[in-house]
Amino acid sequence: MSEGSKPAKRQPLKAIKGTHDILPAETGAWQRVEGVAREHFARYGYREMRTPVFEETELFARGIGEDTDVVSKEMYSFGDRDGGSLTLRPEATAGIVRAVIEHNLANVDPLLRVYALGPMFRRERPQKGRQRQFHQVDVEAFGVTAPGIDAEIVEMGFTFLERCGLTGLELILNSVGDAEDRQRYAGVLREALRAQAAALCADCQRRTETNPLRVLDCKVPTCQPVIEALPRIADHLGADAKDHFAEVCRQLALLGIPYRTSHRLVRGLDYYTRTTFEIVATEGLGSQSTVLGGGRYDGLVRDLGGPDLCGIGFALGVERLLLLAPPAADEPRCDVFLMPLAAAAGDHALSAQKALRAAGVRTVLDHEGRSFKSRMKLADKLGARFVAILGDDELAQGAWMLRDMKTSSQQPVPLPALVDHLKGRL
RNA sequence: GUGGGUGUAGCUCAGCUGGUUAGAGCGCCAGGUUGUGGCCCUGGAGGCCGCGGGUUCGAAUCCCGUCACUCACCCCA
């Protein structure tokens with residue numbers, strides 16, 4: 001652009017890489033999912049909470065962990081005019097925890113359970129089931145230490161996905177223990193890994209020092225034998241954490257939720273303690289198979305400067321959910337299509353349209369004065385249940401000719417009776 | 001950030017080893033009756049063949065570059 005070369009052809013304006021438009025034909029499916037979410041979570045006593053899409057960068061750095069991939073290389077951060085650093089939220093929990101602390105909600109709400117819906121931002125390379133702006137449904141419950149809440153929230157997520165029509169789901173559980181367990185285990189693991197360093201991939205050699213738990217997540221084939229032989233966290237849990245996890249599993253079995261445990265399930269955010277879980281799709285998502293993931297975070301609120309308040313939650317990716325959901329049938333957009341033919345019919349149509357809409361009837365009136373046939377085709381495409389025709393003959397009778405598009409039958413309806421008549425039939 | 005694949009109409013794609021007006025299906029618009037949709041038939045609109053350069057008498061087609069999209073790695077929802 002700076003050189004005096006060819007006049008650069010103006011590129012058409014387009015959405016930023018990794019973002020996408022949700023077009024009118026798609027919003028129905030989104031609204032359905034959101035509606036199910038609201039209704040479902042309400043059954044468990046959850047209410048919606050909305051926090052800003054951007055926060056101070058420090059919140060995420062401290063909350064999620066400086067060494068995580070999300071913080072170290074995926075955040076959309078930018079300088080504010082006053083010199084501060086702001087970041088588009090890469091996940092929801094940190095902002096919600098900040099708000100809980102800021103408004104002292106733990107002392108305000110005796111049942112602190114919230115959900116949130118909205119966009120998250122991570123600067124990753126897009127691929128199937130992964131965007132730079134994507135949407136999550138997020139759920140958090142605070143203040144309950146008992147394992148019952150773990151089982152309840154996992155059950156809630158699982159049944160939510162089922163209610164959205166998903167099948168072929170697999171629930172995976174693990175416990176990463178309390179902070180001390182985790183720390184101690186990380187040390188044990190690091191020792192074991194150092195001894196095997198030669199057999200590990202370069203990433204794992206690096207992770208051995210930075211975050212040994214994440215070695216367990218490695219998918220490089222040559223690392224697998226080493227990983228399988230590593231000491232397992234289950235053998236390094238404190239008695240409390242061990243009992244806690246056993247009770248979570250017991251209750252889930254009681255609730256009839258199928259699951260398997262995996263000692264290798266280590267989630268990428270640093271704040272998790274004790275229970276971690278993930279729901280994956282066995283097919284349909286390519287390599288991004290996780291639909292829902294979450295866990296307990298008993299130290300997070302305190303670490304962010306709040307009270308010693310435990311918490312547990314999960315996030316699920318709406319785009320991924322939609323990829324797996326059965327396709328939605330397109331809904332009719334119109335109940336009644338008005339078709340004034342005679343010149344004198346136009347005013348009748350206008351007032352009928354207003355009255356119908358006031359009565360809650362979805363009404364469309366073609367303003368272009370197109371041919372009869374064109375308008376019939378349009379009515380059909382809109383899925384109109386009825387077409388109301390008003391031509392010279394009908395005017396003379398003082399009645400609409402009301403056509404039922406399903407049965408192809410039609411009957412006269414007196415002009416003033418149209419609204420009541422239709423309300424009775426829709 | 002690193003690899004692979006693909007860029008032709010609104011969508012899905014054809015276009016053989018370079019050859020003259022670039023095609024199909026679907027969708028869209030309009031007609032096939034004077035006031036009746038779906039099915040069928042006919043017609044029409046709509047393409048700098050991603051962009052730039054090169055080879056050639058001639059490039060959608062071959063070569064180079066570039067950009068975009070996509071899948072995968074990494075990591076995550």
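Per chain, numbering begins at 1; letters A, B, ... match sequence-line order.
Where Pro126(A) and Arg130(A) meet RNA chain B, the nucleotide closest to each residue was compared, and Pro126(A) sits on the side nearer the 5' end. The residue among Gly18(A) and Leu269(A) whose nearest nucleotide of RNA chain B lies closer to the 5′ end is Gly18(A).
The CZ atom of Arg370(A) sits 7 Å away from the P atom of rC29(B) (whole-angstrom rounding). Atom pair Leu323(A):CG and rU70(B):C1' shows a separation of 14 Å (rounding to whole Å applied). In this structure, Ile16(A) places its CD1 atom 15 Å from C1' of rC69(B), rounding to the nearest Å. Atom P of nucleotide rU36(B) and atom CG of Leu338(A) are separated by 19 Å, given to the nearest angstrom. Per the geometry, CD belonging to Gln397(A) stands 14 Å off C1' belonging to rG35(B), to the nearest Å. Regarding Glu74(A), its CD atom lies at a distance of 13 Å from the P atom of rG1(B), rounded to whole Å. Rounded to a whole Å, the CH2 atom of Trp400(A) is 17 Å from the P atom of rG35(B). Distance Met401(A) CE to rG35(B) C1': 11 Å, rounded to the nearest Å.
Taking only side-chain nitrogens and oxygens, Gln127(A) comes nearer than 4.0 Å to OP1 or OP2 of rA72(B). Between Lys381(A) and rC29(B), a side-chain N or O to OP1/OP2 separation shorter than 4.0 Å is present.
Between the P atoms of rC13(B) and rG19(B), the separation comes to 24 Å (whole Å). Here the separation of rA60(B) from rG47(B), taken at their C1' atoms, is 11 Å to the nearest Å. A gap of 9 Å separates the P atoms of rG27(B) and rC40(B), to the nearest Å. Taking the P atoms as reference points, rC48(B) lies 12 Å from rC11(B), given to the whole Å. Between the P atoms of rC64(B) and rU70(B), the separation comes to 25 Å (whole Å). Of the C1' atoms belonging to rU6(B) and rG44(B), the separation is 32 Å, rounded to the nearest Å. Spacing of P atoms, rA30(B) relative to rA14(B), comes out at 32 Å, to the nearest Å. Look at the P atom in both rG43(B) and rC26(B): the space between them is 13 Å, to the nearest Å.
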Does the pair Phe41(A) and Phe160(A) meet the rule for a ring-ring contact (aromatic ring centres under 6.0 Å, His included), with working shown?
CA-CA 8 Å; Phe41(A) 302 148; Phe160(A) 168 68; 5.4 Å; yes
Please test Phe142(A) against Val97(A) for side-chain contact (heavy atoms from CB on, under 4.5 Å), starting from the C-alpha separation and ending with a verdict.
CA-CA 9 Å; Phe142(A) 294 92; Val97(A) 167; 3.9 Å; yes
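If you check rG31(B), rC71(B), rG35(B) against the side chain of Ser374(A), the one that comes closest is rG31(B). When each of rG35(B), rU36(B), rC74(B) is scored by its nearest atom to the side-chain atoms of Asp69(A), the top-ranked nucleotide is rC74(B). Each of rG35(B), rA68(B), rG3(B) was ranked by its minimum atom distance to the side chain of Lys14(A); first place goes to rA68(B). Distance from the side chain of Lys17(A) is smallest for rC69(B) among the nucleotides rC69(B), rU36(B), rA72(B).
Within 3.5 Å, no donor on the side chain of Arg375(A) pairs with an acceptor on the base of rU36(B), nor the reverse. On a pure distance criterion of 3.5 Å, a polar donor-acceptor pair joins the side chain of Glu394(A) and the base of rG35(B).
Ring geometry for Phe277(A) versus Phe314(A): interplanar angle over 60°, hence perpendicular rather than tilted (30 to 60°).
Other residues, nucleotides and ligands contribute more than 12 heavy atoms inside 6.0 Å of the CD atom of Glu228(A). Within 6.0 Å of CD in Glu209(A) there are more than 12 heavy atoms belonging to other residues, nucleotides or ligands. Heavy atoms of other residues, nucleotides or ligands lying less than 6.0 angstrom from CD of Glu56(A) number 12 at most. Other residues, nucleotides and ligands contribute only 12 or fewer heavy atoms inside 6.0 Å of the CZ atom of Arg47(A).
Closest approach of Thr87(A) to Ser77(A), counting heavy atoms only: OG1-OG, 2.7 Å. Counting all heavy atoms, side chain and backbone alike, Leu341(A) lies closest to Ala345(A) at N-CB, 4.1 Å.
The residue Gln410(A) sits close to a base: some heavy atom pair falls under 4.0 Å. Using a 4.0 Å heavy-atom cutoff across all strands shown, Gln288(A) reaches at least one base atom of the nucleic acid. Within 4.0 Å (heavy atoms only), Leu292(A) reaches sugar-phosphate atoms of the nucleic acid but no base atom. Counting any heavy atom pair closer than 4.0 Å across all strands shown, Ala315(A) reaches sugar-phosphate atoms only and no base atom. Residue-level contact check: Gln131(A) touches the bases, meaning some heavy atom is under 4.0 Å from a base atom. Among the atoms of the strands shown, base atoms are found under 4.0 Å from some heavy atom of Asp393(A).
There is no side-chain donor-acceptor pair under 3.5 Å between Tyr76(A) and Gln133(A).
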Please list each protein N or O that sits under 3.5 Å from an N or O in nucleotides 38-44 of chain B, with the distance.
{"residue": "rG38(B)", "atom": "O4'", "partner": "Asp380(A)", "partner atom": "OD2", "Å": "3.3"}
{"residue": "rG38(B)", "atom": "O6", "partner": "Ser408(A)", "partner atom": "OG", "Å": "2.8"}

Can you give the dot-bracket line for RNA chain B, where a pair is Watson-Crick or G-U wobble with both atom distances under 3.5 Å, crossing pairs use [ ], and | marks a partner on another strand?
(((((((..((((.....[...)))).(((((.......))))).....(((((..]....))))))))))))....
Which atom pairs, donor and acceptor, lie under 3.5 Å between side-chain atoms of residues 20-34 of chain A and protein residues at least two apart or in another chain?
{"residue": "Glu26(A)", "atom": "OE1", "partner": "Leu23(A)", "partner atom": "N", "Å": "2.6"}
{"residue": "Thr27(A)", "atom": "OG1", "partner": "Pro24(A)", "partner atom": "O", "Å": "3.1"}

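A salt bridge links Arg214(A) to Asp69(A): at least one charged side-chain nitrogen sits closer than 4.0 Å to a carboxylate oxygen.
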